[in-house]
Structure formats: C-alpha cells, structure tokens
Student: 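For reference, the structure I am asking about is given below.
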There are 2 protein chains.
Amino acid sequence: MNTKPLTTQEEVLALLRVEILTGALNPGQQIVQDALAEKFGVSRVPLREALKILEGEGQVAYHPHRGYFVAELSIGDLHEVYRLRALLECEAVTAAVANITERDLLTIAELAKKVRKATATGEVLAITAANRSFHFAIFELSEMPRLVRLLRQLWDATDVYRSVYFAHATNRDRILLEHDEILNALSARSVALSVRWHDTHRDNSVASVSAVIAG
Amino acid sequence: MNTKPLTTQEEVLALLRVEILTGALNPGQQIVQDALAEKFGVSRVPLREALKILEGEGQVAYHPHRGYFVAELSIGDLHEVYRLRALLECEAVTAAVANITERDLLTIAELAKKVRKATATGEVLAITAANRSFHFAIFELSEMPRLVRLLRQLWDATDVYRSVYFAHATNRDRILLEHDEILNALSARSVALSVRWHDTHRDNSVASVSAVIAG
DNA sequence: GCTAGGTAAATTGTATCCAATATCCGTGAT
DNA sequence: ATCACGGATATTGGATACAATTTACCTAGC
C-alpha cells in the first residue's frame, strides 16, 4: 500500500494542526504567513489555502487585511463545545448501536488496545491520535457522515487542551477503564449504557480541561 | 452606515453562494476555475480561497488535482441534515427562550413582518434571505455562537432545495402562519411550545423538500 | 473488436511578483 | 500632556506565470 503523494496544501494543513496542537502556535497569536511559509519551505499560497480550511473549522480566526490568529477558547466556549458534543454524540452512539456488527466490535477492541499501548509509551501526541481513532470508529458506525463531520470540528476545537489532559497519568488510567466500559456497553448492544458511559467519559474530560483553562 | 470595502474573496464567496442557490451551478457539476474566474472578472486565487470556505462548509467537494464539485444531496443526506437541525435547534430555542427580552420580541416581530413583505413580492431569493434572518435572530438569542455556526452550515447545505420550496404559494402561506405561532410561543416564554412549533415548521419543510428531490 | 500503452490537452497546484491595506511611530497643534 | 494627522513599514491580498497531475484520445498490438 503506497501512499499517494499529498499536495503541498495538505502537508501544510497537517503541519499546522501539529503546530497548534503542540502549542508551537499559541492561542491568540497571529500567524505571520511569510515566516511560517519559509519555515515550512513552501510559498504562501498553499499555506493560505490550508488556513482557509482551519478558518472554516473555527480553528483560526480571520480578519481581512490583518491576518489569521489562532483561536482562543474561553471557559464558556469550552462548555458550549462539550454541551454540543453531548447532544451530537448521544445521537451518534444511539445510531451506532443499531448498526454495530461483531466485526465492528473486534475493530473497536483493537483500537482500544492501541490506545492502551500508546498510553504506555506516554507520548501525548500518539495518545491523542489513538484516542480519536477509537471514538470516531464508533461515531462512524452511525452512518451519518455529516454528524461525524460536525463532531470532528468540535473535537478539533478542543484538541489543544485535551493534550494537556492526557499529560496527567491519573487521567490516562481512568480513560482506559472508561474505554473498556464503553466497549462492554456496545457489546451488550445497550443504547442507554453506551450513551451513559460516553457522558461520563466526557464529563470527566471537561472537568479536567476546564481546570487547565481556569488555572 | 457606510459599508466597508469587501475583499475580492468575500465578493466571490457571495457570488458563488448565489450561483449555487439559484442553480446556475448544478449539484454534481465540476467548477472549472478558469472559466468562473473569468466570468467573475477576477483571478483564480480569490476564487480558490472562497471555494475552500465552501469546502469547509460541505457545500462543495474537493478532489486533489481534479477540482471542486458542487455537493449533491441525496434523500438520505436531507433527512440527516434535518435530524441534526432538530437536535440543535431544540437546544438553541430552549436557550433563546431563557434569554429573550421584550426588545428582542419586537425585533423578531419586525423580521417576521419583513418575511411577509418579501412573500408578497414573490421574489424567491428575497424570501429565502428574510426567512433566514427571522430564524437566525431567534437562534442567536441562545448566545451560543458555535451552535449558531453549526446551524448555519446545516441550513446552507439545503438552501438550494429550500428555494424550490418557497416557489409554491401554498407553502409560503403556511410559513407565515407558523412564524406567527413561533412568535406567540416566544412571547409566552414557553420552551415547550416554541420547540414544538419549530419542529412542526421543519417537518412541513422536509416533507415538501424531499418531494422535490424524489420527484 | 478489444485492450494496453503512450502522448497531448485541459485543468489544477504552486511560486513569484506587485498592489492594497493596516499598523506603528513621530510630528505638530491645541 | 494629549490628541490628531501623516507618512513609513510591515503584512496581507490578488494577478500572472509556470509546473505538476489527471484525463481523454489515439495508436499499436493481440
């Protein structure tokens, strides 16, 4: 399986996400196109197109003639995002349970295992990625592509803070347990339990993350 | 109140929306950048940046090295969009009722009147715009900007078909009545009634629109 | 007649260059 | 001392030119 050659804008987009995720670009900071383009070794055009994507996702704010700025997340924004996630993930999980097959369960169990493995290494970026794969594999089962797209946007908006969350060992341990519970609930085809555990999982997350923002 | 000079990409974005809305660009059709840029009298750069916005909104699909295509909406997509709207608008209306002031009610009544006026003229584009203003004025009262943003995306995705919907006189009459009911429910500060009427309003809409797509 | 390969045309992707705009700083007037 | 005005500078916005990729068509071979 050879990987297709990506366009420059796609590469730049991936790089930008990492920069934002790792905090190399801090929230509120202006993104100086010339400097970044040179740093990435590309011209400004693909960089700008990548920024437009992030603008659409709300990851950066755009002011005409002034430029792009990394989006800031107030404590109010954070709660709004999690409230919306609660609504939409409930829908996604409910639909997912209706569609789930034995094969899907195996796949998801496999992804849970990968989260565990990443957690063992302690690399925050790897944990974040594995965690995302796990959850979105479930959401995808809803077979509601637009719903999944909206969820991705909401997750992206808080990724920066979630990585801080993963930095704490106690959080990491709890996550693994909760993932197991989610898996159990899905195996039992229980909508109520699946949704409940997702809610718990999220509530724990928002509590820790808001502590980070407040602090 | 003088209007700021818009950047070219903003103008192009507005033009593109109209093109899609009016069906000058048909769903599924490729957007040939050179031709459109010439038609608009601009270079391809601002056109591409506008397209990237629409890509983020899901209004167009992008395939690297092949270009942008106007998004198609299957009957399944339509139902998904309306299902998501139901979830999110319920939340928005609930929050709105909690925040609404006398002043807000006057503003919304005024917007309802504008819809009525636009309906009298019969210009579909004007009706669409007025209708949007009315509904989003309500959603904005939720003071949940991200929620409003998601709703805008969902509305945009189906605007093409909604304009067909407005073309029928019977639909237009019913809309006006339903707007009045919504206004009454808001005045009474009733969450239950406000949500119920929004649901009714939407259900009538989806029924007509799906008839259009199916037919 | 049908398939495979290769070449040409069309279209998109990127880089470079120039124009337009906002911001910053200094000067002068009140 | 403070505010208003103006020009210099930095940064973004847009146009043009060129490179890369895909697609379609045509030819050769089976």
Side-chain angles (χ1 to χ4, degrees), chain A residues 1-20 23-72, chain B residues 1-20 23-72:
Chain A
M1 163 179 161
N2 69 4
T3 147
K4 259 190 192 172
L6 292 176
T7 61
T8 308
Q9 49 180 288
E10 288 173 306
E11 288 181 54
V12 168
L13 179 59
L15 287 172
L16 271 171
R17 286 191 199 283
V18 173
E19 293 278 305
I20 292 175
L25 291 172
N26 288 96
Q29 182 179 343
Q30 174 166 12
I31 297 173
V32 182
Q33 299 174 11
D34 244 329
L36 251 192
E38 187 175 15
K39 177 174 175 185
F40 290 161
V42 300
S43 84
R44 272 171 49 217
V45 176
L47 172 62
R48 284 171 55 175
E49 304 213 337
L51 284 168
K52 271 278 177 287
I53 297 276
L54 293 177
E55 179 194 351
E57 293 176 359
Q59 290 266 80
V60 302
Y62 169 64
H63 303 280
H65 296 295
R66 296 188 42 226
Y68 296 87
F69 299 78
V70 182
E72 293 184 272
Chain B
M1 162 180 162
N2 68 5
T3 145
K4 258 190 193 173
L6 291 174
T7 60
T8 308
Q9 49 180 291
E10 288 173 307
E11 289 181 53
V12 169
L13 179 58
L15 287 171
L16 271 172
R17 286 191 200 283
V18 173
E19 293 279 304
I20 293 175
L25 290 173
N26 289 96
Q29 183 180 342
Q30 175 165 11
I31 296 173
V32 181
Q33 299 174 11
D34 243 330
L36 251 191
E38 188 176 11
K39 177 175 175 183
F40 290 163
V42 300
S43 83
R44 272 171 48 215
V45 176
L47 173 63
R48 286 170 62 99
E49 303 213 337
L51 284 168
K52 272 277 178 285
I53 296 277
L54 293 177
E55 179 193 352
E57 294 177 358
Q59 291 265 82
V60 303
Y62 169 64
H63 303 281
H65 297 296
R66 295 188 41 225
Y68 295 87
F69 298 78
V70 182
E72 294 183 270

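The sequence lines fix the lettering, A, B, ..., with proteins before strands; numbering per chain opens at 1.
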Student: Whole-Å distance between D/dT12 P and A/L51 CG?
Tutor: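 Distance, rounded to whole Å: 10 Å.
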
Student: A/V42 side chain: which of C/dA15, C/dG13, C/dA22 is closest?
Tutor: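 From the listed options, C/dA15 comes nearest.
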
Student: If you compare all heavy atoms of B/E10 against all heavy atoms of A/P64, which two are closest, and at what distance to 0.1 Å?
Tutor: OE2-CG, 3.9 Å

Student: Both A/P64 and A/T8 contact DNA chain C. Which one's nearest nucleotide lies toward the 5' end?
Tutor: A/T8

Student: What is the separation between atom CD on A/E10 and atom C1' on C/dG13, rounded to the nearest whole Å?
Tutor: 11 Å

Student: Which whole-number value in Å describes the distance from A/E49 CD to D/dG13 P?
Tutor: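 About 13 Å, once rounded to whole Å.
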
Student: Please state how far atom CG in B/D34 lies from atom P in D/dT16, giving the value in whole angstrom units.
Tutor: 11 Å

Student: Got a second to check how far A/L51's CG is from A/R44's CZ, nearest 0.5 Å?
Tutor: 10.5 Å

Student: Output the single nucleotide from C/dT12, D/dT12, D/dA15 whose closest atom is nearest the side chain of B/V32.
Tutor: C/dT12

Student: Report the distance from atom CG of A/L47 to atom CG of A/L13, rounding to the nearest 0.5 Å.
Tutor: 10.5 Å

Student: Look at all strands and tell whether B/I31 reaches a base, only sugar-phosphate, or nothing, counting heavy atoms closer than 4.0 Å.
Tutor: sugar-phosphate

Student: Quick one: is B/R48 getting a side-chain N or O under 4.0 Å of the C/dG13 phosphate, OP1 or OP2?
Tutor: yes

Student: Whether the side chain of A/Q30 engages the backbone of A/R66 through a donor-acceptor N/O pair (distance < 3.5 Å, no angle test) should be reported.
Tutor: yes

Student: Is B/R66 near enough to D/dT23 that one of its side-chain N or O atoms lies under 4.0 angstrom from OP1 or OP2?
Tutor: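 Yes, because at least one side-chain N or O of B/R66 sits under 4.0 Å from OP1 or OP2 of D/dT23.
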
Student: Atom CD of B/E11 to atom P of D/dA15: distance rounded to whole Å?
Tutor: 10 Å

Student: Taking only side-chain N and O atoms of A/Q30, does any of them lie within less than 4.0 angstrom of OP1 or OP2 on D/dT11?
Tutor: no

Student: Tell me: CZ of A/F40 to C1' of C/dA15, nearest whole Å?
Tutor: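 The answer, rounded to whole Å, is 17 Å.
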
Student: Would you kindly compare A/R44 and B/R44 by the position of their nearest DNA chain C nucleotide and give the one closer to the 5′ end?
Tutor: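 First, find each residue's nearest nucleotide; the 5'-ward one identifies B/R44.
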
Student: Does the side chain of B/K52 come under 3.5 Å of the side chain of B/Y62 through a donor N or O and an acceptor N or O?
Tutor: no

Student: Just the rounded figure in Å: distance from P of D/dA17 to CD of B/Q33.
Tutor: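 For the pair B/Q33 CD and D/dA17 P, the rounded distance is 18 Å.
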
Student: Specify the separation, in whole Å, of atom OH of A/Y62 and atom P of C/dA22.
Tutor: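 Going from A/Y62 (OH) to C/dA22 (P), I get 11 Å.
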
